[in-house]
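Notes follow once the structure below has been shown.
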Amino acid sequence: MNLRGLNTLLYKELLRFYKVWLQTLLAPIITALLYFLVFAHALEEHVQVYDGVSYTAFLIPGLIMMSIIQNAFANSSSSLIQSKITGNIVFVLLSPLSYLEFYLAFLLAAMVRGIAVGIGVCVVAVAFVELPVHSVTVLLAFALLGSAVLGSLGIIAGIWAEKFDQLAGFQNFVVLPLSFLSGVFYSIHSLPPFWQGVSHFNPFFYMIDGFRYGFFGVSDVNPWRSLGVTAVSFAVLGAITLFLLKRGYKLRH
Amino acid sequence: MDTAITVNEVRKHYGKVQALQGLNLTIERGEFFGLLGPNGAGKSTLINIIAGLVRADDGRVAVLGHDVVNDYRRARAELGVVPQELVFDPFFTVREVLRIQAGYFGLGKENEAWLDELIDALDLTDKADSNMRSLSGGMKRRVLIAQALVHQPKVLVLDEPTAGVDVELRQTLWQFVRRLHREGMTIVLTTHYLEEAELLCDRIAIIDHGVLIALDSKRALLGKVTGARSRLSVTLAAPLTAVPAALTEMLKQQDGARLEFHLDKHHDSIMAVLDALRAAGGEVVDLQTEEADLEDIFVQLTKRGRP
Ligand SMILES: Nc1ncnc2c1ncn2[C@@H]1O[C@H](COP(=O)(O)OP(=O)(O)O)[C@@H](O)[C@H]1O
Ligand SMILES: [Mg+2]
């Protein structure tokens with residue numbers, strides 16, 4: 001293992017988003033805050049999901065998790081497509097870094113960015129509402145696994161896309177709908193049975209439901225099941241990513 | 001291990017284009033090797049296969065005996081590559097770029113002195129802390145060369161490093177690369193500036209349509225053609241009304257009273273040309289012959305076998 005090489009690539013990836021923190025950290029925190037203000041204001045009086053949990057409080061874990069996964073995806077996918085389009089990906093490809101080191105560096109950077117935004121959203125949100133914490137371990141497990149799933153998906157999308165609009169398509173037609181239809185703003189028990197069924201095929205639903213369990217100790221489905229689905233999603237996407245990287249798919253022509 | 005680069009039966013196609021058609025090539029350690037060929041010949045494809053950026057369909061390539069696919073870590077550690085495109089990372093300064101590149105090769109602080117040396121040798125000192133984005137094209141090219149050298153490779157491959165570079169920088173780069181060669185580095189240079197290859201390289205390969213069409217020392221290559229061809233310029237006192245029919249085949253250019261002929265020494269003679277001109281009423285006032293240079297070889301070889 002070329003640990004120094006891996007560290008360097010990770011450091012470079014972290015520096016890349018840190019140098020433009022206004023767009024990569026602050027902007028998504030503000031976006032989440034806006035959702036929070038609008039939905040909490042509009043629905044607080046009308047919706048009660050779990051006993052003893054205000055709608056405002058219910059909303060926050062979902063928003064944090066949504067921020068984590070969207071930003072993890074955005075980080076690896078946009079970094080890769082930019083490097084591919086500008087051509088500077090060659091500097092990494094010319095080096096002796098292995099596909100595994102390449103994967104770990106992009107994955108960890110995506111996780112750091114996702115979780116950094118998540119922490120930012122959390123810090124701002126607790127200024128408005130008091131949140132209980134049922135289990136820090138559960139919170140961590142879902143934050144790490146969720147960001148890892150989307151970090152991997154972002155690598156796949158970044159490798160596959162050849163143009164920015166292809167990547168935007170992936171984001172708009174896959175990541176956004178799945179994250180919005182995952183129960184961030186509602187409990188799936190409030191949905192008609194058909195859509196409840198559909199939601200069970202959405203891995204994002206389990207990440208958000210499980211993460212919410214970490215705060216309230218209540219959830220729509222058993223948190224173990226959520227953890228299982230999230231872990232399997234990570235295993236599958238991680239394997240696909242490693243397979244593509246090993247083959248040099250769209251990177252080493 | 002005396003072989004710097006071994007290329008064995010390498011094939012690569014892109015759709016219907018056969019970029020490399022079973023190429024064989026051996027570059028020895030310590031050589032200054034020129035890889036020449038017209039645009040689209042397959043030079044960059046070959047370099048990218050050596051660098052591991054492109055995968056060959058067939059055949060194998062080794063750098064200092066290390067297979068570029070199976071033993072890529074060691075192959076890449078020995079190899080520095082300056083890509084043809086002027087690529088850069090707009091997020092970082094020159095020094096950051098070099099540190100990061102060295103880091104990929106597993107090098108850290110202990111390598112800092114060498115980076116300073118590179119920055120100095122390539123005249124980048126004033127720009128070391130400037131963002132890559134703010135650099136001129138020539139400066140970016142220098143950084144690209146420095147980046148290829150951060151890990152002190154034994155073999156350096158430069159893909160058209162002087163394309164679109166001004167004369168002054170070209171001279172600086174030549175000097176620098178010569179110095180590296182003197183210090184023992186194997187250099188592989190692709191170029192389509194023939195004078196560059198003529199000036200720098202010991203041995204030259206010419207490829208066209210993915211096929212090796214010549215491979216020899218520079219001297220032998222020049223010798224081949226000088227033996228066979230030469231250029232004859234004749235200036236007459238007054239333009240001819242008509243060029244003798246016997247000479248039209250050899251005539252390459254006519255500019256008033258100045259005529260330029262390309263002779264094949266095996267069956268054309270200078271005396272015969274002059275006699276024919278005199279017989280047609282021409283009075284020769286000046287006469288020049290020129291030996292062939294790489295350009296002639298190049299033109300001659302790459303035309304051969306084309307439709
Ligand atoms: N990525 C690619 N996709 C399709 N065709 C390519 C690609 N790269 C090179 N080619 C083709 O392969 C041939 C050799 O190209 P190249 O190696 O770049 O030539 P050179 O460097 O000698 O100018 C050309 O016909 C070129 O169009
Ligand atoms: Mg080329």
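All chains are named by letter (A, B, ...) in the order of the sequence lines, taking the proteins before the strands, and each is independently numbered beginning at 1. Hydrogens, waters and symmetry mates play no part in the numbers below; they use all other heavy atoms, side chains included.
Proximity to chain B (any heavy atom under 4.5 Å) is restricted, for A/Leu251, to the backbone atoms N, CA, C and O. Of the two parts of B/Gln101, only the side chain, counted from C-beta on, holds a non-hydrogen atom closer than 4.5 Å to a non-hydrogen atom of chain A. Contact of A/Val20 with chain B is made through the side chain alone, with heavy-atom distances under 4.5 Å. If you measure heavy-atom distances from A/Ser98 to chain B, the contacts under 4.5 Å come from both the backbone and the side chain. Both the backbone and the side chain of A/Lys12 come within contact range of chain B, judged by heavy atoms closer than 4.5 Å.
The local environment of NZ in A/Lys163 is sparse, with at most 12 non-hydrogen atoms from other residues, nucleotides or ligands closer than 6.0 Å. Annotation: B/Arg55, atom CZ; neighbour count of heavy atoms from other residues, nucleotides and ligands within 6.0 Å is above 12. Open room surrounds OH on A/Tyr11; 12 or fewer heavy atoms of other groups in view lie less than 6.0 Å from it. The number of heavy-atom neighbours closer than 6.0 Å to OH of A/Tyr18, taken from other residues, nucleotides and ligands shown, is 12 or below. Other residues, nucleotides and ligands contribute at most 12 non-hydrogen atoms within 6.0 Å of the NZ atom of A/Lys246.
Counting heavy atoms from C-beta on, the side chains of B/Tyr104 and A/Arg4 never come closer than 4.5 Å. Counting heavy atoms from C-beta outward, A/Phe91 and B/Val87 have side chains that approach closer than 4.5 Å.
Tested against A/Leu94 for a side chain to side chain contact (heavy atoms under 4.5 Å, CB included), the candidates B/Leu53, B/Val82, B/Leu79 yield a single pass: B/Leu53.
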Evaluation steps, side-chain contact (heavy atoms from CB on, under 4.5 Å), between A/Asn88 and B/Phe88: CA-CA 6 Å; A/Asn88 61 45; B/Phe88 64 97; over 6 Å; no
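The structure places CG of A/Leu97 at 7.5 Å from CZ of B/Arg73, a figure rounded to the nearest 0.5 Å. Between the CD atom of A/Glu13 and the CD1 atom of B/Ile100 there is a distance of 9.5 Å, given to the nearest 0.5 Å. Atom CZ of B/Phe91 is separated from atom CZ of A/Arg16 by 5.0 Å, given to the nearest 0.5 angstrom.
Closest non-hydrogen pair, A/Val90 versus B/Pro83, comes out as CG2-CG, 4.3 Å. The two residues A/Ser95 and B/Phe105 come nearest to each other via the heavy atoms CA-CZ, 3.8 Å.
Of all the listed residues (A/Asn7, A/Leu15, A/Leu6), the one sharing the greatest number of non-hydrogen pairs under 4.5 Å with chain B is A/Leu15. The candidate from B/Asp89, B/Leu86, B/Val54 with the greatest count of non-hydrogen atom pairs under 4.5 Å with chain A is B/Asp89.
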